[in-house]
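For reference, the structure is listed below as structure tokens.
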Amino acid sequence: MDKRSFLKGLALTGIGLPFTLAALAERVARFGHLPAEALAGEEDFWAGVRDGYRLKPDYINLENGYYCIQPEEILEAFIRRVRAVNYEGAYYMRTVQFDNKKAVAARLAVLAGCSADDLIITRNTTESLDMIIAGYPWKAGDEAVMAEQDYGAMLQMFGQVEKRYGVVRKVVSVPNHPASDEEVVAVYERAITPRTRLLMLSHMVNITGQILPVRKICDMAHAHGVEVMVDGAHTFAQIRHTIPELDCDYYGASLHKWLSSPLGAGLLYVRKEKVGQVWPLLAEPDGSAAGIARLNHTGTLPVHTDLAIGDAIDYYMTLGPERKEARLRYLQQYWTSRVRDIRGIVVNTPADPLRVCAIANVGVKGVTPADLAARLLSQYKIYTVAIDMPAAAVQGCRITPNVFTSPAELDSLVSALRQIAEKAG
């Protein structure tokens with residue numbers, strides 16, 4: 001999104017740049033002469049960004065993959081919006097609620113690089129993609145392809161349509177350290193048959209952080225007449241991309257992850273010609289909604305969350321997508337490069353910096369993931385999440401820094417892993 005589109009997007013919702021972002025904007029301007037890659041390691045800049053967050057001192061938070069907490073600017077803006085909606089009550093809900101949601105969705109569409117007619121606001125990735133899985137026009141014997149490494153909620157929904165409609169699930173396993181994009185593409189292609197209808201694909205594998213070659217897989221699948229649904233939960237606002245450049249048919253993401261919007265915000269993109277074949281999760285009261293809006297009936301929701309998405313976009317664009325991505329890559333490489341050669345440590349994430357961004361997964365031989373996570377927290381005050389999925393060849397802890405994470409905190413992680421590995425050795 002260029003600056004002109006960004007400013008135009010601000011006007012859509014009638015809100016200008018919050019004055020509380022002035023400090024961030026000034027900091028960005030002061031360091032603006034540095035390319036994103038050079039700025040990634042400029043700690044004076046990122047210390048200022050860190051100051052914009054209220055961080056709990058009890059532990060080092062390295063589990064930002066579940067939910068990226070909001071900077072104070074976004075949080076305070078959200079609280080103001082809660083108060084404003086509460087103040088207006090039913091008047092707001094009956095007069096401008098839907099226009100405002102549509103305006104925010106239009107801003108999201110600009111960020112996603114797609115038409116506003118192809119995108120709706122949901123509550124999370126699970127809702128977005130499960131809506132497609134459950135609402136797809138399945139027939140008995142149809143096949144769906146997915147991976148062991150995909151998110152559990154979607155795998156479970158495929159299990160439900162298997163029982164309900166007789167859909168056949170074809171589950172593949174993605175290598176943690178592929179030699180090439182073609183190796184990954186081939187894994188999916190081998191599972192496709194003439195009966196395959198839909199292929200689910202994670203843009204970034206949530207348990208390892210590996211970025212998959214989505215466009216190449218989409219091209220391959222489309223050549224076989226197979227539609228593709230992309231889980232973008234961990235790539236939207238983490239790595240720069242547009243949805244159209246992926247050429248997928250469906251795309252879902254959670255905005256409370258890397259966009260740092262309040263909890264309970266997501267998006268769903270559906271290629272225009274596919275909208276009509278999907279059954280809505282909840283039917284429109286009078287059946288009058290057209291286009292992708294027919295999938296967006298939700299009942300009464302905390303609409304102030306929708307409004308705060310716009311504030312999160314303001315913050316993201318002020319910080320700069322290229323700066324954020326470069327910083328996250330820097331932090332991940334900072335710690336993984338220091339532990340890959342330590343005896344007893346297993347990094348379940350590619351070393352190639354182009355195949356990863358913020359997230360990585362690390363294990364210690366002889367230590368279960370649950371025990372590793374518990375020891376990191378109890379002994380070293382480092383909070384992570386255990387991933388124990390032997391079928392997916394992933395056993396370790398997912399480590400997810402955020403823009404407020406400091407190298408000193410990652411030094412603590414490296415030291416802790418070294419000590420645990422030595423004791424286990």
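Values below: all heavy atoms of this structure, side chains included; hydrogens, waters and symmetry mates excluded. Heads up: numbering here begins at 1 and tracks the sequence.
- Taking every heavy atom of both residues into account, Trp335 and Ala360 meet most closely at CZ2-CB, 3.5 Å.
- Here the straight-line distance linking atom CD1 of Ile309 with atom CG of Asn100 works out to 12.0 Å at 0.5 Å rounding.
- Side chain of Ser115 to backbone of Asp117: a donor-acceptor contact under 3.5 angstrom is found.
- Between the side chain of Thr368 and the backbone N or O of Asp371 there is at least one donor-acceptor pair closer than 3.5 Å.
- Side chain of Ser415 to backbone of Ser412: no donor-acceptor contact under 3.5 angstrom is found.
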Derivation of the side-chain contact (heavy atoms from CB on, under 4.5 Å) call for Asp118 and Arg271: CA-CA 6 Å; Asp118 299 334; Arg271 192 190 294 269; over 6 Å; no
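- Between Asn86 and Tyr92 the shortest side-chain heavy-atom distance does not fall below 4.5 Å.
- Between Arg107 and Asp314, at least one side-chain N (NZ, or NE/NH1/NH2) sits under 4.0 Å from a carboxylate O, which counts as a salt bridge.
- One N or O on the side chain of Asn124 and one on the backbone of Glu127 form a donor-acceptor pair closer than 3.5 Å.
- Side-chain atoms of Thr349 and Thr208 include no donor-acceptor pair closer than 3.5 Å.
- Between Val145 and Arg169 the shortest side-chain heavy-atom distance does not fall below 4.5 Å.
- We find the CZ-OG distance between Phe404 and Ser260 to be 8.0 Å, quoted to the nearest 0.5 Å.
- Taking every heavy atom of both residues into account, Ile207 and Ala392 meet most closely at CD1-CB, 4.3 Å.
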Trace of the side-chain contact (heavy atoms from CB on, under 4.5 Å) decision for Cys357 with Gln332: CA-CA 7 Å; Cys357 190; Gln332 183 270 136; over 6 Å; no
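- A salt bridge links Arg50 with Glu409: at least one charged nitrogen is closer than 4.0 Å to a carboxylate oxygen.
- If you take NZ on Lys274 and SG on Cys248, they are separated by 11.5 Å, rounding to the nearest 0.5 Å.
- A tilted orientation is assigned to the rings of Tyr136 and Trp138, their planes being inclined by 30° to 60°.
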Going through the checks in order, is the side-chain contact (heavy atoms from CB on, under 4.5 Å) test met by Met200 and Leu155? CA-CA 9 Å; Met200 177 171 70; Leu155 294 176; 4.0 Å; yes
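- Counting only distance, with no hydrogens or angles, the side chain of Ser128 and the backbone of Leu267 share a donor-acceptor pair below 3.5 Å.
- To the nearest 0.5 Å, atom CG of residue Leu259 and atom CG of residue Asp311 are 10.5 Å apart.
- More than 12 heavy-atom neighbours from other residues, nucleotides or ligands sit within 6.0 angstrom of CZ on Arg340.
- A donor atom on one side chain and an acceptor atom on the other are found under 3.5 Å apart for His224 and Glu189.
- Taking 4.5 Å as the limit, some side-chain heavy atom of Val49 sits within range of a side-chain heavy atom of Leu319.
- Distance alone, capped at 3.5 Å, places no donor-acceptor pair between the Gln277 side chain and the Pro137 backbone.
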Test log, rule salt bridge (charged side-chain N to carboxylate O under 4.0 Å, His left out), inputs Glu422 and Arg418: CA-CA 6 Å; Glu422 287 174 352; Arg418 187 187 299 276; 5.3 Å; no
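- Looking only at side-chain heavy atoms (C-beta outward), Leu328 and Gln238 come within less than 4.5 Å of each other.
- Annotation: side chain of Leu331 is in contact with side chain of Leu410 (closest heavy-atom distance under 4.5 Å).
- With sequence neighbours left out, Tyr66 forms a ring pair (Phe, Tyr, Trp, His ring centres under 6.0 Å) with no residue at all.
- For the residue pair Glu183/Ser180, the side-chain donor-acceptor check at 3.5 Å is not satisfied.
- The shortest non-hydrogen separation linking Val367 to Ala424 is CG2-CB, 3.7 Å.
- Ring geometry for Tyr59 versus Tyr383: interplanar angle of 30 to 60°, hence tilted.
- Between the side chain of Lys170 and the backbone N or O of Ala191, at least one donor-acceptor pair lies under 3.5 Å.
- Within a 6.0 Å radius of CZ in Arg83, other residues, nucleotides and ligands contribute 12 heavy atoms or fewer.
- Just one of Thr400, Asn61, Ile399 meets the side chain to side chain contact (heavy atoms under 4.5 Å, CB included) condition when paired with Thr384; it is Ile399.
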From CA spacing to verdict: side-chain contact (heavy atoms from CB on, under 4.5 Å), Ile60, Tyr380: CA-CA 9 Å; Ile60 297 171; Tyr380 302 97; over 6 Å; no
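- Within 6.0 Å of the CG atom in Asp341, the count of heavy atoms belonging to other residues, nucleotides or ligands does not exceed 12.
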Evaluation steps, side chain to side chain donor-acceptor pair (under 3.5 Å), between Gln333 and Ser337: CA-CA 6 Å; Gln333 291 290 314; Ser337 65; 5.8 Å; no
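- Using a 30° and 60° split on the angle between ring planes, His241 and Tyr251 fall in the tilted class, from 30° to 60°.
- In this structure, the separation between CG on Leu198 and OH on Tyr250 is 6.5 Å, given to the nearest 0.5 Å.
- Residues Lys216 and Asp247 are not paired through a salt bridge, judged by the lack of any N-O separation under 4.0 Å between the basic side chain and the carboxylate.
- Applying the ring pair (Phe, Tyr, Trp, His ring centres under 6.0 Å) criterion to Tyr151, with sequence neighbours excluded, gives no partner residue.
- The main-chain N or O of Ala36 is never found under 3.5 Å from a side-chain atom of Glu322 such that the two would form a donor-acceptor pair.
- We find that Asp249 and Lys272 are not joined by a salt bridge, their nearest charged nitrogen and carboxylate oxygen being 4.0 Å or further apart.
- Between Glu227 and Arg197, no side-chain nitrogen of the basic residue sits less than 4.0 Å from a carboxylate oxygen of the acidic one, so the salt-bridge criterion is not met.
- Within the 4.5 Å cutoff, the side chain of Phe236 has no heavy atoms near those of the Thr125 side chain.
- For the pair Arg398 (side chain) and Ala386 (backbone), a donor-acceptor distance under 3.5 Å is absent.
- In the model, Tyr53 has no side-chain atom that pairs as donor or acceptor with a side-chain atom of Gln70 under 3.5 Å.
- Ile121 and Asn296 get closest at one heavy-atom pair: O-ND2, 3.0 Å.
- Counting heavy atoms from C-beta outward, Met146 and Leu199 have side chains that stay 4.5 Å or more apart.
- Judged by distance alone, the side chain of Glu245 and the main-chain N or O of Thr242 form a donor-acceptor pair under 3.5 Å.
- With Glu325 as the fixed residue, the salt bridge (Lys or Arg N to Asp or Glu O under 4.0 Å) test singles out one of Arg329, Arg327, Arg323: Arg329.
- Ile342 is not listed as a side-chain neighbour of Leu417, based on a closest heavy-atom distance of 4.5 Å or more.
- Nearest heavy-atom pair, Asn361 versus Gly396, reported as atom, atom and distance to 0.1 Å: OD1-CA, 3.5 Å.
- Contact between Pro262 and Thr305 at its shortest, heavy atoms only, is O-CG2, 4.1 Å.
- Here the straight-line distance linking atom CG of Leu24 with atom CD of Glu73 works out to 6.5 Å at 0.5 Å rounding.
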